[in-house]
Amino acid sequence: RETAPGQRPASPGRAAGPSGPASHTGAAANMTDSVLDVLLYLFETYSEQEPGAPDQDVLRDELLRAGFGEPEVDSALDWLEGLSDDAANPSSAAGERSVRVYNEVELRRLDTDCRGYLLYLEQVGILSTAQRERVIDRLMALGNATVDREQVKWVVLMVLFAEQGDAAAFARMEDLVFEENNGAVH
């Protein structure tokens, strides 16, 4: 689970690598990957520290010095602000026995595997309905054309971490994020 000093966590679809951004050669599709890379870098850097978020200007400067692009840094900081707003203002989610109906945009971005995985996380008690809604909101805020299961895992972990409520759910999700792909179906 720990990465070596100077390493960042393995982001979805990438092996762990040196701190800072991965090299990107493309346009829009890679920009959203970079936003997730920035978020993962921040998560790895600050998840072990004492509670209390560093100043956004300090974070922005640090991320720019680490080599991330300005648009990706700004998008990542906006994403985090949205996460903080969501955690501070819990929505009135549907009842625990309700069924989630996805809109057209969500259906395009979240394939059957992702939607099934979110349902699985709810059924095993890792996510509540309110947390599921925050996860879906944050996945949509990434702006990716499509989302894969690894991205869902990381966003769920970040949402649970931001809430700092259920340590057991966070620990279970952390195990799922870091477990080796052993062919198990969830």
Side-chain angles (χ1 to χ4, degrees), residues 1-90 109 126-127 131 133-167 169-179:
R1 288 190 190 161
E2 299 274 329
T3 54
Q7 297 280 311
R8 61 186 172 125
S11 60
R14 290 184 180 77
S19 283
S23 62
H24 291 288
T25 57
N30 285 335
M31 193 216 91
T32 55
D33 285 341
S34 295
V35 171
L36 191 55
D37 287 341
V38 174
L39 293 168
L40 293 172
Y41 175 85
L42 286 172
F43 182 75
E44 178 69 15
T45 303
Y46 292 101
S47 65
E48 299 295 322
Q49 294 185 5
E50 292 296 316
D55 180 77
Q56 276 216 351
D57 291 333
V58 172
L59 279 179
R60 187 175 192 285
D61 291 343
E62 178 184 330
L63 291 167
L64 292 172
R65 277 193 310 275
F68 290 104
E70 193 170 336
E72 292 81 11
V73 168
D74 290 341
S75 293
L77 293 174
D78 289 345
W79 190 96
L80 287 171
E81 189 174 317
L83 179 61
S84 298
D85 292 346
D86 287 348
N89 303 312
R109 291 186 184 171
I126 291 176
L127 288 178
Q131 290 167 325
E133 291 305 309
R134 281 191 284 284
V135 167
I136 293 169
D137 177 68
R138 295 295 80 209
L139 287 167
M140 296 297 103
L142 284 175
N144 294 29
T146 59
V147 174
D148 64 34
R149 184 190 292 218
E150 288 304 307
Q151 292 167 333
V152 171
K153 287 179 180 182
W154 282 104
V155 170
V156 168
L157 194 63
M158 286 185 249
V159 167
L160 292 173
F161 179 79
E163 291 186 0
Q164 299 178 352
D166 188 349
F170 178 80
R172 289 173 63 200
M173 191 64 214
E174 192 175 34
D175 288 342
L176 290 173
V177 167
F178 292 108
E179 79 180 0

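Not measured: the values here are computed from a predicted model.
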State the [atom1]-[atom2] distance between [X] and [Y], to the nearest 0.5 angstrom.
X	Y	atom1	atom2	result
D148	Q151	CG	CD	4.0 Å
L176	I126	CG	CD1	5.0 Å
L42	D37	CG	CG	11.0 Å
E70	L63	CD	CG	11.5 Å
Y41	L59	OH	CG	10.0 Å

Problem - L157/E174 under side chain to side chain contact (heavy atoms under 4.5 Å, CB included): CA gap, chis, key distance, verdict - result: CA-CA 7 Å; L157 194 63; E174 192 175 34; 4.0 Å; yes
Handout entry: Partners meeting side chain to side chain donor-acceptor pair (under 3.5 Å) with Q56 (sequence neighbours left out)
Key = none
Fill in the blank from the handout: Across all chains, not counting sequence neighbours, the side chain to side chain donor-acceptor pair (under 3.5 Å) partners of D74 are R60
Handout entry: Backbone N/O of L160 and side chain of E163: donor-acceptor pair under 3.5 Å
Key = no
Handout entry: Side-chain (W79) to main-chain (R138) donor-acceptor, under 3.5 angstrom
Key = yes
Problem - Validation row: M158, L36 side chains within 4.5 angstrom (heavy atoms) - result: yes
Practice task
Indicate yes or no: at least one non-hydrogen side-chain atom of L142 is less than 4.5 angstrom from one of V155.
Solution key: yes
Practice task
Before giving the answer on salt bridge (charged side-chain N to carboxylate O under 4.0 Å, His left out), spell out for R65 and E62 the whole-Å C-alpha distance, their side-chain angles and the decisive distance to 0.1 Å.
Solution key: CA-CA 5 Å; R65 277 193 310 275; E62 178 184 330; 5.4 Å; no
Practice task
Specify whether W154 and F178 have parallel, tilted or perpendicular ring planes, treating 30° as the upper limit for parallel and 60° as the lower limit for perpendicular.
Solution key: perpendicular
Exercise for the section: Give me the ring orientation class for F170 and F161: parallel if the planes are under 30° apart, tilted from 30 to 60°, perpendicular past 60°. Expected result: tilted
Exercise for the section: Apply the side chain to side chain contact (heavy atoms under 4.5 Å, CB included) test between L139 and each candidate in V152, N144, V156, V159; give the one that qualifies. Expected result: V152
Completion exercise
Between V35 and S75 the two heavy atoms that sit nearest each other are CG2-CB, 3.7 Å
